[in-house]
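Okay, structure first, notes after.
The structure presented is a predicted model; accordingly, all values stated were derived computationally and were not measured.
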Amino acid sequence: AILAPAAGPLAGRHALVTSGPTHEPIDPVRYIANRSSGKQGHAIAAALAALGARVTLVAGPVTLPDPPGVTTLHVESAREMLAACEAALPADIAIMAAAVADWRVAREATQKLKKEPGAEAPTLSMALNPDILATISHHARRPRLVIGFAAETEHVVEHAIAKRARKGCDWILANDVSGDVMGGDSNRIHLITAEGVEDWPEMSKGNVAQRLAQRVTDATD
Ligand code: CTP
Ligand code: CA
């Protein structure tokens, strides 16, 4: 079939989006992960595609279907997610919505750890994972607009303002995860930019995605 060129206000733009958790292996049958359904990141990828962007979605392990009209790359670990993101550059816009595991197990066992009779529980030694958002924000081929999320359980806006500075990104979408947002269908967002803080009313993750895609369109005109 011959595809018509993408139409819409983001036509000709390439957007990179991360979504879902990462899985950090302990041994062949066990892993450490973050809580994340991928609903918000996948909705953002779909909303950008609906406005005509070419979208590369780097997704950790999720049970969601690949969004239509989006190139979806499936990864497991934070290091794989970073490699896929760097390989996808250049991009005009990057939105890092994944719940990346901050730590991985320092030495992944090649064989299943065995529970020997009488033995103590194992101690896991951890290593720091790369920060994908910070790496992309300081990249030689930095996208023009880099956006991160901040999942906080307290002092949401203060932590998010500090996080924006620390990461070197343009915008942070802060959300309060002290309730049951994880896996839920709605979000209350505070958008942190260089200009200040915008409080969005509680809305569905689909509506957050549409509102963000519209803001991205206005900012990259
Ligand atoms: N992020 C990332 N790579 C990591 C950790 C986080 O790209 N290794 C991104 C997330 O996708 C999100 C943003 O950074 O867009 C903030 O993630 P968050 O976990 O809230 O921040 P951290 O810097 O990891 O701080 P902390 O978990 O201590 O609050
Ligand atoms: Ca973190």
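- Using a 4.5 Å cut-off between side-chain heavy atoms of Ile, Leu, Val, Met, Phe, Trp and Tyr, with links allowed through other members, V216 and L57 fall into the same hydrophobic cluster.
- From T18, atom OG1 reaches atom CD1 of I136 across 9.5 Å, with rounding to the nearest 0.5 Å.
- The hydrophobic cluster around L64 extends to V62, counting ILVMFWY residues whose side-chain heavy atoms fall within less than 4.5 Å of a member.
- Residue pairs meeting the ring-ring contact (aromatic ring centres under 6.0 Å, His included) criterion with at least one partner in residues 79-128, sequence neighbours excluded, are absent.
- Side-chain N or O atoms of E108 include none that pairs as donor or acceptor with a backbone N or O of P25 at under 3.5 Å.
- Minimum interatomic distance between A84 and V75 (heavy atoms only, all atoms of both residues): CB-CG1, 4.1 Å.
- Residues L48 and I95 have side chains in contact (heavy-atom distance under 4.5 Å, counting atoms from C-beta outward).
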**Stepwise side chain to side chain donor-acceptor pair (under 3.5 Å) check, N187 with E202** = CA-CA 6 Å; N187 252 341; E202 178 163 348; over 6 Å; no
With a cut-off of 3.5 Å and sequence neighbours excluded, list every side-chain donor-acceptor pair involving residues 139-166.
{"residue": "H139", "atom": "ND1", "partner": "R141", "partner atom": "N", "Å": "3.0"}
{"residue": "H139", "atom": "NE2", "partner": "E86", "partner atom": "OE2", "Å": "3.1"}
{"residue": "R142", "atom": "NE", "partner": "S137", "partner atom": "O", "Å": "2.8"}
{"residue": "R142", "atom": "NH1", "partner": "D170", "partner atom": "OD2", "Å": "3.1"}
{"residue": "R142", "atom": "NH2", "partner": "G168", "partner atom": "O", "Å": "3.0"}
{"residue": "R142", "atom": "NH2", "partner": "D170", "partner atom": "OD2", "Å": "3.2"}
{"residue": "E152", "atom": "OE1", "partner": "H159", "partner atom": "ND1", "Å": "3.4"}
{"residue": "E152", "atom": "OE2", "partner": "K163", "partner atom": "NZ", "Å": "2.7"}
{"residue": "H159", "atom": "ND1", "partner": "E154", "partner atom": "O", "Å": "3.2"}
{"residue": "R164", "atom": "NE", "partner": "D170", "partner atom": "O", "Å": "2.7"}

**Item:** side-chain contact (heavy atoms from CB on, under 4.5 Å) between R215 and L191, worked out
**Value:** CA-CA 10 Å; R215 285 297 299 261; L191 175 66; 3.7 Å; yes
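- By the rule that hydrophobic residues join a cluster once side-chain heavy atoms approach within less than 4.5 Å of another member, M203 and L173 end up as members of one cluster.
- Looking at residues two or more places apart in sequence or on another chain, you find a side chain to side chain donor-acceptor pair (under 3.5 Å) between Q214 and D218.
- Residues satisfying the side chain to side chain contact (heavy atoms under 4.5 Å, CB included) test with D199, not counting sequence neighbours, are R188, H190, V197.
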**Asked** Given the rule in the salt bridge (Lys or Arg N to Asp or Glu O under 4.0 Å) test, do D185 and K205 qualify, once you have shown the distances and angles that lead to the verdict?
**Response** CA-CA 6 Å; D185 289 314; K205 291 181 176 178; over 6 Å; no
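- V70 and V17 fall within the same hydrophobic cluster, defined by Ile, Leu, Val, Met, Phe, Trp and Tyr side-chain heavy atoms under 4.5 Å apart, directly or through other members.
- With sequence neighbours excluded, the residues satisfying side chain to side chain contact (heavy atoms under 4.5 Å, CB included) with V100 are T22, A78, M81, A98, I132.
- Nearest heavy-atom pair across A43 and G206 is CB-CA, 4.4 Å.
- Here the closest heavy-atom approach between residue A47 and residue A209 is recorded as CB-O, 3.7 Å.
- Side-chain contact between S19 and V58: absent, with no pair of heavy atoms (C-beta onward) separated by less than 4.5 Å.
- Residues V208 and W200 form a side-chain contact, since some pair of their non-hydrogen atoms from C-beta on lies under 4.5 Å apart.
- Judged as a side chain to side chain donor-acceptor pair (under 3.5 Å), the pairs with a partner in residues 55-83 (not counting sequence neighbours) are, in order, H14-T56, D66-H74.
- In terms of the side chain to side chain contact (heavy atoms under 4.5 Å, CB included) criterion, residue partners of K114 (sequence neighbours excluded) are, by chain and number, K112, E116.
- Under the 4.5 Å side-chain criterion, counting only non-hydrogen atoms from C-beta, L16 is not in contact with I93.
- P65 is linked by a side chain to side chain contact (heavy atoms under 4.5 Å, CB included) to nothing, counting only residues two or more places apart in sequence or in another chain.
- When all heavy atoms of A213 and T217 are compared, the pair lying nearest together is O-OG1, 2.8 Å.
- Residues G41 and A97 share a closest heavy-atom pair of CA-CB, 3.8 Å.
- To the nearest 0.5 Å, atoms CG (D92) and CG (L10) are separated by 9.0 Å.
- Sorted by first and then second residue, the ring-ring contact (aromatic ring centres under 6.0 Å, His included) pairs involving residues 28-72 (not counting sequence neighbours) are H23-Y31.
- Closest heavy-atom contact between L212 and I44: CD2-CD1, 3.8 Å.
- Of the possible donor and acceptor atoms, none in the side chain of R13 sits under 3.5 Å from a partner among the backbone N and O of V55.
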Name every donor-acceptor pair, under 3.5 Å, that has one atom in a side chain of residues 120-131 and the other anywhere in the protein, sequence neighbours excluded.
{"residue": "N129", "atom": "OD1", "partner": "R104", "partner atom": "NH1", "Å": "3.0"}
{"residue": "N129", "atom": "ND2", "partner": "E24", "partner atom": "OE2", "Å": "3.3"}
{"residue": "N129", "atom": "ND2", "partner": "A101", "partner atom": "O", "Å": "2.8"}
{"residue": "D131", "atom": "OD1", "partner": "L133", "partner atom": "N", "Å": "3.2"}
{"residue": "D131", "atom": "OD1", "partner": "A134", "partner atom": "N", "Å": "2.9"}
{"residue": "D131", "atom": "OD1", "partner": "K167", "partner atom": "NZ", "Å": "3.4"}
{"residue": "D131", "atom": "OD2", "partner": "K167", "partner atom": "NZ", "Å": "2.5"}

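- Scanning for side chain to side chain donor-acceptor pair (under 3.5 Å) contacts around R30 gives D27, with sequence neighbours left out.
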